[in-house]
Structures are given as C-alpha cells and as structure tokens.
Amino acid sequence: MERPSRLLLVSELRVRNSAYDVSLSRSLLTWKRRTSSPVYHPFRPSVCHSVSVSEIISVREEEEENGCKDDGSWKKINEREGKDCRQAFTVLHVERCPQHRWRCAEVSFTCPEAALCQRWVTGIREQLAAIASRPKQLLVYINPYSGKQHGKHIYEQKVAPLFALAGVTTHVIVTEHANYARDHLRTEAELKKFDGVVCVGGDGMFSEIIHGLIWRSQVDGGVDPNCADESLLPSSLRIGIIPAGSTDCICFATVGSNDPVTSALHIIVGDSQPMDVCSVHHNNTFLRYSVSLLGYGFYGDVLTDSERKRWMGPARYDLSGVKMFLTHHYYEGTVSYLPARGIMGTPRDASRCRSGCVICQHNGRLISKKAERYQMDEETDREGEGEWKTIRGKFLAINAASMSCACPRSPKGLSPAAHLADGTTDLILVRKCSRFDFLRHLLRHTSKDDQFDLNFVEVHRVRRFCFTPRHCQSDSDLDLRENGKHQIFGQICRNHPACGCAPAYSSWNCDGEILTHTAIDVRVHSNLIKLFARGIEEPTVFDDLTNPCAI
C-alpha cells in the first residue's frame, strides 16, 4: 500500500449511497468502504477496490440529483450553493473477465460539493494526460471482406465508441482490394501524424500492415530490404489489431483472446509488446515477412489445396487437412540453420511466453549486444557463420514457429514454448514416418504431451535457416509452376504408399500466404515491430490475498 505522503487526493465520497474513503496516487485509484463496526469479520467480502491509473479509460462529470437528496447535510449544502447538482463523476476503467477478456466497467462517486468533484475530475485527467504511451491519433484500416465480412460493423459498434470515450481521434480507411493497406502505407500515408496503426481484420490484414510499415521504415532509413544480410530498422509506430478474421492467431498469441473490445482497450491504455519478424529471401530477393508460421510440406500443401476451395469458407482448412494427411507426401531437401547459442530457454520448456516474459527480455538484450559487437568489429565472421549446421533427409513437414501459433483449433500451438521477442524461431523437422506416427504428432498439438518427444521429430531454436529442395537446386523447376505451367513428367515415386508418383517439391505457407519460391533464406530480426498488447497475462488466484487493501 502506498504511503499517504504520495497520495494526490484523499476524500470521503459516496458510491451507491455508501460512504467510501477514496484516494488517488500517481499509479492507483482506491476506494474503501467505511464500516460502522470496529469488529473484524474474516469472512466478510472485501470492501476495498483499486484500479491502476494506467487502466483508467476516462472520467466524466455527472448530473447526480439523487445524491443531493440521500443525505440531509448534503441537501443543506446544496441549498446554500444554489442547488448545484454537478457533484458526481464516473470513472470508466478496465475490468478483467475470464479467458483473458477485458471489458469497460464504471464506478460513480458522489461528492458533497461541486468544487471537490471538479478537483477529482481534474486530478484524474491530469494523471491520464501524463501517460506518454497512450495514443492520441490513430490510422485505422478496415478490411470489409475478412472473416465473415463483419469488420466494419465490429469497428463501428464496438470499437469506435470506446475510442471516442478515451478521446482518441482516428482516421479511418476502408480497404478496396487486397494489399490496399500495404501499398498505402508504403507510399501515401503521412505516418508522422499518427501514434499508431490499427487494422480491423484477420491475420492477412495484419500481414499487410507489417509489410507496409517495415518496408517504409527501411526505405526511409536507407536500408535495402532485398539484402538478406542487412539488419532491418524497427518501425516507430505501434500496431493494433481488432480481430475480425477466421483464425486471429496473432491476437491469441499476444492478448490471449480474439475479443474486439479487449483489443481496443489494450490500444487505449497504450500497451506495448515487441515482436520478432522473420525476413524471407530467395537469392538476395525479398519475398515476404513472417511473424507466426513458415510451413513446408504438410502445412504448405494444406494451404495450396485450400486456396482452390475458398468458396467453402473456414471449413476448407479441415477438408484440405484430411486430404493432405491421407495423401501423405514427403519431400527431400537440405536444411541449414544457425543455432541460437547462449540464450535462455529451449523449445521443450514447460514455461510459456507470458506478459513480462523474462526470457524475451534477457535474450533481447543479449542479441542487441551481439549486434553492436558485430558492427564494431568488421573482421568478425558475420553472425558466427562457422557454426552453421546442416541436415539432409526426407521430411513430411518443415515448420518455423516464431510464436506458439496457438488458436482455438490448437490450444497449445505448433511450438508451445516459442517466444514473441527473444530473437529466435523454433525450427521443427518432421521426418518421413508412417501415417499413424504422423497422426500422433498432430494430435499432440491439442494434448498435454510433449509433441517433440517422438523419434521422427526434432526441434531447434535458431536465428537463421536456409532450405533447398533436392529436386530443384536452382529453382528452375519451380519457374514452371510459378508461371502457371505444369511439368510434362512427374518424378517417379519410390516407396510411396498412397500413389504411384509424388511431387518433387511442396510450397511454403508463410502466415497464410503461398511463397513464390521453395529455396529460401530466413533470418529472425529481434523486436522489429511493437503491438498494442502486453502478452498473455497469467490468471490471478485469490485476488483478495494479493490486494493490499484487503488486509
């Protein structure tokens, strides 16, 4: 509990006709009900409440006529002061709900005189204005076609009213076609006018935003995005996501819920969550950025097949998943990777990336120091290239998870212990195995078992990796497919149980988009972007015991 000397305001106010001792400090608003009996009741519910000032949305004055009549002494004061009834104020604040959801709650305080009410309103507003991390102007992009095409309705009905309450001004743009937001951010947007960019849509819309912002940051900073060895410059603007898509994987990983109100409140209070971004190159040509999943083999085939069934909606992923499981294709290739050495954490840890993650903070500082050392010593081998390791084989799936990739379909995700901002990605290699064994691996995504505790699965925490398929070393074979042509002869498939032939290569699934090349070079850029989020909060148990006011 804070010392009285640090309190800015202390008064006896009324909440729902009960007397409360209310105090305001720079960090906490507290109200504690006064009790007439001095006897301690250990089983009486807590009568003390507190709200962090950083989680107060706004405060407003009220016309509280009932408060003027509830107490006789207050009535006399009102009569002397000309019956001025502007003696109440309402504080709107964040309230936590189950499943990591937030909602906007409010509490009204009635004051004995108007001057005291004004002091409280002014005092709270001054503390809110002093929070520099809160956004004041936002650029909002709405994808009207994402998910069930409810993006515009969700923003107007649930999000815009909250922004108005918090005094956040917005410039709203409804996108007209695919990559509209990306192109607008690259060329036309006046980014200096805004404190952040908000996208209303799914993971695809978020991908557009990061591609536009990161590309703009590199061009403005004189960095060549096509060079795989370049250290990219971080974007100065935070990104907010109002979920309105089919999966909303990013929201589940950074907030823990796909609730639009929760995401809007995280934006309002000015939360900041750094995130790593993977750059994907082919022969020093930039392809895409990735923040969640890069998948070759099974997940690439599922995406490719599902694109032909878009008319089915989200159900197309289930159908394509079953089809690809039964087809059971495997692919030959070479994986080279740069292990992440000297860091905290492994892909098989029981701990998870949560709000205030110690592993992310430690590894982020470590990687930043290494980057500075490489810049100072030009003779040092770049990124320790002598430490590269190589694996050749036949793979059912090659996945790189930069976050857990948890979602309602897979509560644990592809890599449960992956971290948002530790400067690494988890490289998961699933070697050729039987259908039954592969099914065991897939089912462990939804169970409590260690999904990497299988002899045909290996996982490595890496900072960079490259992949080259065996049958298209120069990617000349890929050009046939990329130009819409088909090979006249397919590869003769040996030892394949499902069919007489199998394709020589798969496709890369990059955050839900198909890459145009198969041979790729992937590098992790630590803390390249920041989101209006704080990571998944651990659920609090026995709140009264941790609340100093309840003692």
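Keep in mind that the numbers below use all heavy atoms, side chains included, and drop hydrogens, waters and symmetry copies.
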* Check step by step if side-chain contact (heavy atoms from CB on, under 4.5 Å) holds for L28 and V51. => CA-CA 6 Å; L28 211 62; V51 172; over 6 Å; no
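- A donor-acceptor contact shorter than 3.5 Å is absent between the side chain of R461 and the backbone of T425.
- Remark: the backbone N or O of G270 is paired with a side-chain donor or acceptor of R238 at under 3.5 angstrom.
- In this structure a side-chain-to-backbone donor-acceptor pair under 3.5 Å is missing from R354 to S351.
- Two residues are said to be in side-chain contact when any heavy atoms from C-beta on lie closer than 4.5 Å; E208 and N179 meet this criterion.
- L293 places a side-chain heavy atom less than 4.5 Å from the side chain of L414.
- Ion pairing between a basic and an acidic side chain is recognised when a charged N comes within 4.0 Å of a carboxylate O; E55 and R534 show such pairing.
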* Asked: Given Y299 and Y296, is the ring-ring contact (aromatic ring centres under 6.0 Å, His included) satisfied, shown in steps?
  -> CA-CA 6 Å; Y299 288 102; Y296 183 82; over 10 Å; no
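- Side chains of V159 and V200 form no contact here, defined as non-hydrogen atoms less than 4.5 Å apart.
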* Applying side-chain contact (heavy atoms from CB on, under 4.5 Å), run through I173 and L139 and close with a yes or a no. => CA-CA 8 Å; I173 298 176; L139 176 60; 4.0 Å; yes
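- Using a 4.0 Å cut-off between charged side-chain N and carboxylate O, R352 and E538 make no salt bridge.
- Atom CZ of F325 has more than 12 heavy atoms from other residues, nucleotides or ligands within 6.0 Å.
- Atoms CG and CZ, on L303 and F298 in that order, are 12.0 Å from each other to the nearest 0.5 Å.
- Counting non-hydrogen atoms of neighbouring residues, nucleotides and ligands closer than 6.0 angstrom, the NZ atom of K136 exceeds 12 such neighbours.
- A distance of 6.0 Å or more separates the ring centres of H266 and F532.
- In this structure, the side chain of S320 engages the main chain of S306 through a donor-acceptor pair within 3.5 Å.
- Using cut-offs of 30° and 60° for the angle between ring planes, the F89 and W120 rings count as parallel.
- Between atom CD of residue E513 and atom CG of residue L287 there is a gap of 13.0 Å, rounded to the nearest 0.5 Å.
- Comment: K309 does not engage E307 in a salt bridge, judged by the lack of any side-chain N to carboxylate O separation of less than 4.0 angstrom.
- Using a 30° and 60° split on the angle between ring planes, W508 and F467 fall in the perpendicular class, above 60°.
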* Intermediate values then yes/no, side-chain contact (heavy atoms from CB on, under 4.5 Å), V261 and L162 -> CA-CA 8 Å; V261 171; L162 291 174; 3.9 Å; yes
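- Within the model, atoms CG of L443 and CZ of F438 stand 10.5 Å from one another, a figure rounded to the nearest 0.5 Å.
- The shortest side-chain heavy-atom distance between R26 and L8 falls under the 4.5 Å cut-off.
- Counting only heavy atoms from C-beta outward, the side chains of L528 and M275 never approach each other to under 4.5 Å.
- Looking at H49 and V107, their side chains never come closer than 4.5 Å, going by heavy atoms from C-beta outward.
- Looking at heavy atoms from C-beta onward, C278 lies in side-chain contact with V524 at the 4.5 angstrom threshold.
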* Asked: Could you go step by step and tell me if C199 and I209 meet the side-chain contact (heavy atoms from CB on, under 4.5 Å) rule?
  -> CA-CA 7 Å; C199 62; I209 298 299; 3.6 Å; yes
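- Here the CG atom belonging to L515 is positioned 8.5 Å from the OG atom belonging to S507, to the nearest 0.5 angstrom.
- In the model, H525 has a side-chain atom that pairs as donor or acceptor with a side-chain atom of S279 under 3.5 Å.
- Pairing each heavy atom of F194 with each of L138, the nearest pair is CD2-C, 3.5 Å.
- Side chain of H419 to main chain of I359: no donor-acceptor pair is present (N/O by atom type, distance under 3.5 Å, no hydrogens or angles).
- No donor-acceptor pair under 3.5 Å is formed between the side chain of D248 and the backbone N or O of C251.
- Taking each heavy atom of N17 and R14 in turn, the nearest pair found is O-NH2, 2.6 Å.
- With 3.5 Å as the limit, one finds no donor-acceptor pair spanning the side chains of D259 and S257.
- In this structure, OG on S235 lies 7.5 Å from CG on L191, to the nearest 0.5 angstrom.
- The nearest pair of heavy atoms linking I536 to F252 is CD1-O, 3.3 Å.
- Without hydrogens or angle criteria, T327 side chain to H329 main chain gives no donor-acceptor distance under 3.5 Å.
- T90 and S108 share a donor-acceptor pair across their side chains, judged by distance under 3.5 Å alone.
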Side-chain donor-acceptor distances from residues 182-189 under 3.5 Å, at least two apart:
residue: H184; atom: ND1; partner: Y141; partner atom: OH; Å: 2.6
residue: T187; atom: OG1; partner: D183; partner atom: O; Å: 2.8

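- With hydrogens and angles disregarded, no donor-acceptor distance shorter than 3.5 Å links the side chain of Q273 to the backbone of T254.
- The environment of K158 atom NZ is sparse: at most 12 non-hydrogen atoms of other residues, nucleotides or ligands sit within 6.0 angstrom.
- We find the CD1-CD distance between I57 and E95 to be 10.5 Å, quoted to the nearest 0.5 Å.
- Contact record, T424 with D276: N-OD2, 3.6 Å, taken as the closest heavy-atom pair.
- At a threshold of 4.5 Å between non-hydrogen side-chain atoms, the residues I242 and I267 count as touching.
- Side-chain contact annotation: S207 with R288, donor-acceptor N/O pair under 3.5 Å present.
- Remark: the H281 side chain and the D521 side chain contain no N/O donor-acceptor pair separated by less than 3.5 Å.
- Among all heavy-atom pairs drawn from S404 and P416, the shortest one is CB-O, 4.1 Å.
- Taking all atoms of both residues into account, the shortest heavy-atom contact from P274 to N527 is CB-OD1, 3.7 Å.
- The closest donor-acceptor contact from the side chain of D511 to the backbone of S292 lies under 3.5 Å.
- Side-chain N or O atoms of E230 include none that pairs as donor or acceptor with a backbone N or O of N226 at under 3.5 Å.
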